[in-house]
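When a ligand or atom number is given, it counts from 1 through the structure's own listing order.
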Amino acid sequence: MRIVAIVPAAGRGTRLGAATSKALVPVKGVPLLTRAVRGLLEARRVQAVVVAAPPREVEPFTAAVRAFGESCRVVAGGADRTSSVRLALDSIEPGSCDGVLVHDAARAFTPTTVVANVAAALEDGAEAAVPAVPVTDTVKIVDSHDVITDTPDRSALRAVQTPQGFAEGVLRRAHTAQAASIAPEATDDAGLVERLGIAVRTVPGDVRAMKITTPFDLAVAEAVLADQDVTS
Ligand SMILES: Nc1ccn([C@@H]2O[C@H](COP(=O)(O)OP(=O)(O)OP(=O)(O)O)[C@@H](O)[C@H]2O)c(=O)n1
Ligand SMILES: C[C@](O)(CO)[C@H](O)COP(=O)(O)O
C-alpha cells in the first residue's frame with residue numbers, strides 16, 4: 001500500500017510559550033518536527049512526508065527536515081490545523097497514494113508501533129483508523145456556568161492521538177465537505193470523516209504519543225528521554 005504522511009506543523013504553540021514556533025523547539029538538540037518526521041519514516045510504512053509549516057517559516061522548517069532528503073518536503077500551512085492539513089493534501093497528486101496518515105508535529109515522541117498499527121488497519125481495509133487510549137480521569141460535561149450536567153460512561157471513552165490514517169479518497173472528501181460547509185472546525189481529521197457517516201476504527205495508541213502542548217508536557221518528554229538514556 002502506498003502511504004503518504006501529512007505533518008501539520010504550522011501552529012505557533014501559544015500554550016507552550018516558546019521563543020520559536022513549537023515544531024522547531026528542540027528536545028535534547030533535536031526539534032520536535034524532526035523527531036515527528038523521523039518516527040514516521042522509521043516505521044517503514046510511509047513512502048513520503050509533507051510538512052505544513054507556518055507560511056513565513058518554510059525555509060527554517062525545510063532545514064529541519066533536510067536530512068530526510070526527497071522523502072520529506074515542506075509546504076505553507078494555514079490559519080488553523082484543518083486548513084494546514086487541507087493545503088498539504090492539495091499538494092499531493094490525486095491517485096498518487098492509497099492512504100494518508102495525518103500526524104501532529106506536536107506528537108513528536110510517538111512510538112513506531114503506533115504508526116504501524118494505523119497503517120496495518122488501512123492495509124486491512126479500514127477507511128479510517130485512529131490510535132486511541134482509555135481515558136483514566138472521570139470526564140464531566142458542563143454547562144455555560146461550568147456546572148456539571150452529565151457524567152459520560154468512562155468505559156466508552158477514548159482519548160485519540162495521531163497519526164490518524166485514511167483511505168486517500170475519504171480524507172479528500174472529508175476536507176472538501178468541510179471547506180464547503182459552515183459547520184464548526186473539527187479538532188481532528190477523524191471528526192471530519194465521522195461527519196460523512198464513515199466508520200472510524202480505533203487501534204492501540206500509546207501514552208508516549210502525548211501531544212506537547214504546555215511547558216509541563218515538554219518537561220515530561222525531556223524527563224522520559226533522560227530516563228531512557230540512563231537505562232539503555
Ligand atoms: N494553523 C495551524 C495550527 C496548528 N497546526 C498544527 O496542529 C498540531 C496540533 O496543534 P497544537 O498542538 O494545538 O499546536 P498549536 O496550535 O501550535 O498550539 P497552541 O494552540 O498552543 O497555539 C500541531 O502540530 C500544530 O503545529 C497547524 O499545522 N496549523
Ligand atoms: C488531532 C489531535 O491531536 C487528536 O487528539 C487533537 O485533536 C489536536 O488538537 P489541538 O487543539 O489542535 O491541539
Side-chain angles (χ1 to χ4, degrees), residues 5-25 27 31-40 49-58 60-61 64-65 72-91 100-110 114-115 117-118 128-137 139 157-166 171 174-175 178-179 184-195 200-218 220-221:
I6 289 172
V7 177
R12 177 68 192 81
T14 312
R15 289 167 287 180
L16 187 64
T20 63
S21 283
K22 181 164 75 177
L24 294 184
V25 168
V27 177
L32 294 177
L33 174 65
T34 313
R35 289 180 177 277
V37 174
R38 187 172 71 192
L40 283 167
V49 179
V50 182
V51 172
R56 292 192 193 132
E57 293 182 78
V58 169
F61 275 59
V65 296
C72 184
R73 62 187 173 81
V74 179
V75 300
D80 52 49
R81 186 183 181 282
T82 304
S83 321
S84 292
V85 173
R86 193 178 63 248
L87 287 163
L89 189 58
D90 287 348
S91 80
V100 181
L101 303 190
V102 183
H103 185 41
D104 292 337
R107 293 190 189 268
F109 301 94
T110 302
V114 175
V115 181
N117 290 344
V118 175
V130 302
V133 291
V135 172
T136 53
D137 290 320
V139 175
L157 295 178
R158 300 289 180 274
V160 302
Q161 305 173 326
T162 69
Q164 299 189 345
F166 308 94
L171 188 62
H175 276 270
Q178 176 62 21
E185 292 294 329
T187 53
D188 69 349
D189 299 277
L192 300 180
V193 168
E194 290 156 38
R195 290 175 190 171
V200 179
R201 196 187 289 185
T202 60
V203 299
D206 191 296
V207 287
R208 290 169 291 176
M210 62 183 281
K211 185 156 67 69
I212 305 295
T213 306
T214 64
F216 178 76
D217 300 329
L218 202 55
V220 169

Mark the output for Met210 as yes if a heavy-atom distance to ligand 2 is under 4.0 Å, and as no if none is.
no

Ligand 2 N/O within reach of Arg107 N/O, cut-off under 3.5 Å:
yes

Below the 3.5 angstrom mark, is there an N/O of Thr162, backbone or side chain, next to an N/O of ligand 2?
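No: no nitrogen or oxygen of Thr162 is under 3.5 Å from one in ligand 2.
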
Can an N or O of Arg12 be found at a distance shorter than 3.5 Å from an N or O of ligand 1?
yes

Is any N or O atom of Ile212, backbone or side chain, closer than 3.5 Å to an N or O atom of ligand 1?
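Looking only at distances, the answer is no, because the N/O contact criterion of under 3.5 Å is not met.
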
Heavy-atom distance under 4.5 Å between the side chains of [X] and [Y], does that happen here?
X      : Y     : value
Glu57  : Thr20 : no
Asp189 : Arg81 : yes
Val50  : Val75 : yes

Nearest protein heavy atom with distance in Å, relative to [atom]:
atom                    : value
atom 15 (P) of ligand 1 : Gly13 N, 3.9 Å
atom 13 (O) of ligand 1 : Arg15 NH2, 2.8 Å
atom 14 (O) of ligand 1 : Lys22 NZ, 3.2 Å
atom 1 (N) of ligand 1  : Gly78 O, 3.0 Å
atom 6 (C) of ligand 1  : Pro8 O, 3.5 Å
atom 16 (O) of ligand 1 : Gly11 CA, 4.0 Å
atom 28 (O) of ligand 1 : Ala10 N, 2.9 Å
atom 10 (O) of ligand 1 : Arg81 CD, 4.7 Å

Arg15 (side chain) donor-acceptor with Thr213 (main chain) under 3.5 angstrom
no

What atoms of ligand 2 come within less than 4.0 Å of a heavy atom belonging to Asp104?
1 (C), 2 (C), 3 (O)

At less than 4.0 angstrom from any non-hydrogen atom of Val160, what atoms of ligand 2 do you find?
4 (C), 5 (O)

Element-labelled atoms of ligand 1 that are located less than 4.0 Å from some non-hydrogen atom of Ala106
12 (O), 24 (O)

Only one of Asp217, Thr214, Leu218 clears side-chain contact (heavy atoms from CB on, under 4.5 Å) with Leu16; which?
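When side-chain contact (heavy atoms from CB on, under 4.5 Å) is applied between Leu16 and each of Asp217, Thr214, Leu218, only Leu218 qualifies.
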
Ignoring hydrogens, what is the shortest heavy-atom contact between Glu194 and Val200? Give both atom names and the distance.
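So the two residues come closest at CG-CG2, 3.9 Å.
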
Answer with side chain, backbone, both or neither: which part of Thr14 has a heavy atom less than 4.0 angstrom from an atom of ligand 1?
both

Between Lys211 and ligand 1, find which residue part has any heavy-atom pair under 4.0 Å and reply side chain, backbone, both or neither.
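Near ligand 1, Lys211 shows its side chain, while the N, CA, C and O stay back.
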
Verdict with reasoning, Phe166 to Leu101, per side chain to side chain contact (heavy atoms under 4.5 Å, CB included):
CA-CA 6 Å; Phe166 308 94; Leu101 303 190; over 6 Å; no

